[in-house]
Structure formats: C-alpha cells, structure tokens
Amino acid sequence: MAEKIICVVGPTACGKTTLGVLLAKRLGGEVVSADSMQIYRGMTIGTAAPTASEMDGVPHHMIAVADPEESWSAARYAQTAIPIVDDILRRGKRPILVGGTGLWLDAVVQGREFAGGAAGGQVRRELQARLEAEGIGPLLEELRQVDPAAAARLHPADEKRILRALEVYRETGETITAHNEKTRNLPPRYDAVWIGLRFADRADLRQLIDRRVDAMVEAGLLEEVRTLLDRGLPRDATALQAIGYKEFLGVLEGEITVDQAVAEVKLRSRQYAKRQLTWLRRNPDIHWIEWEKERDFGRALQLSTEILRTHGLG
RNA sequence: GGGGGAAUUCCAGAGCGGUCAAAUGGGGCAGACUGUAAAUCUGUUGUCACUGACUUCGGUGGUUCGAAUCCACCUUCCCCCA
C-alpha cells in the first residue's frame, strides 16, 4: 500500500505556499517544493520563493538547492525528491508537496519513470544540429520509420518532442511510445491527497498577480537578475527561462524599459497561470478550494482539514 | 487660414471593385504535454437555426450587376505650410 502524502497545487499566486505551511504545522509535516524555478539559488524574489519567516519553522525541501547554471529536469527532480519524501515518511512526518510545476508533481507521485537520454547529451546535440541544418522534415520522417505511432501523434511543428522521441529510441533502442505504454499504468508511487487552490473568478487572480509583480520589482527583482549575471550565469541558462528573469534581463541589456518589462511579466504570468490550470484540470483527484475575491486561509485550512480527514489524514 | 494623409473585426495592421467575415501578428478562449515544463506545441476567435444564412470595415448619401475597396459631403485624428 502506497504511503499517503499531500499535494497542494494551483496556479501561480494562489496561495500554495501559505496553505502548505499551515497544513504542515497542523499535521507535523514537511514541505517538499515542486517548483521548477524555486529550485535554483539566488532567485527568491522573482520566483516568490518562501522566506524564512514565511516558512515559519516548517522544514522546506527542494528550494534553492541548485546552482542556477545547472539545468534541472523533471526526471532529475524526481530522482532527488523521492528519497526526500521517503525519508520524511520514515521519520513519521507527513510530506506535503507544494508546487506549480505539474509535470514535476506527477513525476514524483506517479509510478512512471522517464525514458533515457537527456537534454545536454551527445545524441540530443546531434539531433539539434541536424534540425538546424535540415529542418524538421527528415527527422520526422526518420521517426516515422522507427516509431510511427509517435510520428502520427506529434504535431509536425512540435520539434522538441520529435527530437526527444528520436533521442529515446537512439539512446535506449526502445521507442518512446513503447516506453510510455509500459510505464503509463504502473501504480502510483504514493497515495496522494490533492488539494487545489484557485479563484472562482480569474480576474481576481489577475489582480493578485499584478500586485505581486509590482511587489517583486519593489523588492529588487532587477538587482536579483543583475546579481545572477554578475556571477557569470549564461543567458541561455534554464533558470533564466523563468518569467520575470528573462524580461528583466532585457531591461539590463537596454532592450526594454522597466515599465515594459513589468507589463510583460504580468502578461506572461497570467498566461502561465492559465496553462497551469489547463494541466491541473485533467487531474480528477484534485479537491478544489475556490477563493471568492480574497484569499481566506482560515477557511482554506478548515476545508483542507476536512478533505484530509475523509482520506484518513488529520 | 492653406495643403496633404488617415479612419478596418478586442489591439496593431494588411486589403484598394467581385475569389472578403476580411491576410498577418498580438491578446483572449480552449487544448496538448513524461529528462529545458515559469519551457514547448496545437486549435479557435462577428452572429446564428453554422457544408448555409445574416450583420460588419468612422457616418450619411451616391456610382455599379456587385464596394472595406470608387465619388460627394460630414465627423474625428495626424502631418506640413501659415
């Protein structure tokens, strides 16, 4: 029987961090972050990573544990986070996964494994070079030869996944389609109770995002980005894909003004929130707590407690 | 005061007599997604009784078989001269 863990999910700025801490305190739990950007060090302001006071004494894992120059993936995250979750359980505490990166959450909770190969690998670089030289056509044709199902499923414009599919075959001798079929129905690694936070009206989320972005800028987002660059972080680092960072990079390089960057960050953030919601919507196990206008954490904690109780927790 | 230019679907911006409900981009909405996922990719975006019909391209009137596209006047905006 898989062990019980809690997952707190939702779009950016919906209050996951706060609820996670409240639940941890009530249940004697520890937070394991599932955030693809908070994982990097030196990116606290722009990723809205919890501060020491926000953590309120609750142990947090997987936040600021990676060098921004490193390129973390969902697979690497899972490899690192799963042992941590297990350790928390072994110590008789409750793991609480808190995060907005849907794939990363699923990578821990589900029993699936990622196929071989990786972004920085030799095979991938070869494929990338071929893509640049020949275009996607020949690569898609090659995929059609070895894995017709994947070739049919993937949109011809989806270069990233076409490359990945070829890479898996080259690296492992097994097609990604076969790998997926093999692992898709494995039992979940944990018995997760999913709690989702969202606003009943998206306009309220937007307002909150706007305010938060303004606060980030006031808190020194520009300086944070400058510091990262001063330490030699290359412009193409995965960490700099983070919303807020890439835009303010543009400010430092004199391409756009601060006002333009702020507007851009707000826009990208709400688009991101939308994508997060799309990902989460297909998870039927999520128990949604809806905010009306303002976030009421007292009520959310109460509702969460009831949800957890029905799942034998609390 | 005189001369010139422009007004297009949520925004920007094509279109310059029929093949235009109107290119393209942005935004919105919806979706996908398993080793870059805060990334990447897709669909859709006037209305409806939706393989067809109806109402649109600043306003009014006109030319024409037919107009977003031509003409007149009006309104607004921009530029130049004064």
Sugar-phosphate, base or nothing in reach of [X], heavy atoms under 4.0 Å:
| X | value |
| --- | --- |
| A/Trp279 | base |
| A/Thr12 | nothing |
| A/Asp35 | base |
| A/Ala78 | nothing |

For [X] and [N], give me the distance from atom [atom1] to atom [atom2], rounded to whole Å.
| X | N | atom1 | atom2 | value |
| --- | --- | --- | --- | --- |
| A/Leu105 | B/A38 | CG | P | 10 Å |
| A/Gln276 | B/A39 | CD | P | 10 Å |
| A/Glu70 | B/A39 | CD | P | 20 Å |
| A/Lys160 | B/A38 | NZ | C1' | 12 Å |

So, is [X] near the phosphate of [N], with a side-chain N or O under 4.0 Å from OP1 or OP2?
| X | N | value |
| --- | --- | --- |
| A/Arg161 | B/C33 | no |
| A/Trp104 | B/A37 | yes |
| A/Arg275 | B/A39 | yes |
| A/Thr278 | B/G31 | yes |
| A/Arg164 | B/G35 | yes |

Within 45° cone of A/Trp279 ring axis and under 6.0 Å: A/Arg282 NZ or CZ: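 Because its charged atom sits under 6.0 Å from the ring centre and within 45° of the axis, A/Arg282 does stack over A/Trp279.
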Pi-cation contact, A/Trp291 with A/Arg198 (under 6.0 Å, within 45°):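 No - A/Arg198 does not lie over the ring of A/Trp291 by the 6.0 Å and 45° rule.
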May I ask you to decide whether [X] forms a salt bridge with [Y], counting only side-chain N to carboxylate O separations under 4.0 Å?
| X | Y | value |
| --- | --- | --- |
| A/Glu167 | A/Arg164 | yes |
| A/Glu142 | A/Arg130 | yes |
| A/Glu69 | A/Arg41 | no |
| A/Arg268 | A/Glu264 | yes |

Most 5' of A/Thr183 and A/Gly100 on RNA chain B, judged by nearest nucleotide: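 So the residue in question is A/Thr183.
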5'-most by nearest nucleotide on RNA chain B - A/Ala74 or A/Ala107: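 So the residue in question is A/Ala107.
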Can you tell which of [options] lies closest to the side chain of [X]?
| X | options | value |
| --- | --- | --- |
| A/Thr101 | B/A38, B/U36, B/A32 | B/A38 |
| A/Ala75 | B/A30, B/A38, B/G35 | B/G35 |
| A/Tyr272 | B/U42, B/G35, B/A38 | B/A38 |

Inter-nucleotide [atom1] distance ([N], [M]), Å rounded:
| N | M | atom1 | result |
| --- | --- | --- | --- |
| B/G4 | B/C74 | P | 15 Å |
| B/G59 | B/A7 | P | 13 Å |
| B/A12 | B/C48 | C1' | 29 Å |
| B/C16 | B/U69 | P | 12 Å |
| B/A68 | B/G3 | C1' | 27 Å |
| B/G58 | B/C77 | C1' | 11 Å |
| B/G61 | B/U56 | P | 12 Å |
| B/G13 | B/U8 | C1' | 9 Å |

Using residues 144-157 of chain A as the side-chain source, report each donor-acceptor pair under 3.5 Å to any protein atom, sequence neighbours left out, with the distance given to one decimal.
from	atom 1	to	atom 2	distance (Å)
A/Arg144	NE	A/Glu141	OE1	3.2
A/Gln145	NE2	A/Glu141	OE2	2.8
A/Asp147	OD1	A/Ala150	N	3.1
A/Asp147	OD1	A/Thr177	OG1	2.8
A/Asp147	OD2	A/Thr177	N	3.3
A/Asp147	OD2	A/Thr177	OG1	2.8
A/Arg153	NH2	A/Thr177	OG1	3.0
A/His155	ND1	A/Ala157	N	2.9

Pairing check on [N]: which nucleotide meets the Watson-Crick or G-U wobble criteria with it, both distances under 3.5 Å?
| N | answer |
| --- | --- |
| B/A49 | none |
| B/A6 | B/U76 |
| B/A12 | B/U24 |
| B/U36 | none |
| B/G1 | B/C81 |
| B/C70 | B/G62 |

Check: B/A32 base within 3.5 Å donor-acceptor of A/Asp158 side chain: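 No pair found.
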Donor-acceptor pair under 3.5 Å, A/Arg212 side chain vs B/A38 base: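 Checked by distance alone, the answer is no.
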Stretch residues 233-263 of chain A: residues that reach within less than 4.0 Å of RNA chain B through a heavy atom: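 Residues of residues 233-263 of chain A under 4.0 Å from RNA chain B: A/Gln241, A/Ala242, A/Ile243, A/Lys246.
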Nucleic acid contacts - residues 127-156 of chain A versus RNA chain B, non-hydrogen atoms under 4.0 Å: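 Going residue by residue through residues 127-156 of chain A, the ones with a heavy atom under 4.0 Å of RNA chain B turn out to be A/His155.
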Test item: side-chain donor near acceptor, A/His60 and A/Glu30, under 3.5 Å: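 Side chains of A/His60 and A/Glu30: no pair found under 3.5 Å.
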Any side-chain heavy-atom pair of A/Arg124 and A/Glu171 under 4.5 Å: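 A/Arg124 vs A/Glu171: side chains apart.
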Donor-acceptor contact present, side-chain A/His287 to main-chain A/Trp194, <3.5 Å: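 Yes.
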Kindly list each side-chain donor-acceptor pair under 3.5 angstrom involving residues 207-221 of chain A, sequence neighbours excluded, with atom names and distances?
from	atom 1	to	atom 2	distance (Å)
A/Arg212	NH2	A/Thr12	OG1	2.8
A/Asp214	OD1	A/Lys266	NZ	3.0
A/Asp214	OD2	A/Lys266	NZ	3.3

Minimal non-hydrogen separation, A/Ile82 against A/Ala107, with atom names: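 Scanning both residues completely, I find the closest heavy atoms to be CD1-O, 4.3 Å.
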Intermediate values then yes/no, side-chain contact (heavy atoms from CB on, under 4.5 Å), A/Tyr169 and A/Glu174: CA-CA 5 Å; A/Tyr169 179 71; A/Glu174 181 185 47; over 6 Å; no
Give the table of side-chain donor-acceptor pairs shorter than 3.5 Å for residues 301-308 of chain A, with sequence neighbours excluded, one pair per line with atom names and distance.
from	atom 1	to	atom 2	distance (Å)
A/Ser304	OG	A/Ala300	O	2.6
A/Thr305	OG1	A/Arg26	NH1	3.0
A/Thr305	OG1	A/Leu301	O	2.6

List every contact pair, protein side and nucleotides 27-29 of chain B side both N or O, where the distance is under 3.5 Å.
from	atom 1	to	atom 2	distance (Å)
B/G27	OP1	A/Arg268	NH1	3.0
B/G27	OP1	A/Arg268	NH2	3.3
B/G27	OP1	A/Gln271	NE2	3.3
B/G28	OP2	A/Gln271	NE2	2.7
B/C29	OP1	A/Arg202	NH2	3.1

Same apolar cluster (I L V M F W Y, side chains within < 4.5 Å links), A/Met37/A/Leu229: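 A/Met37 clusters together with A/Leu229.
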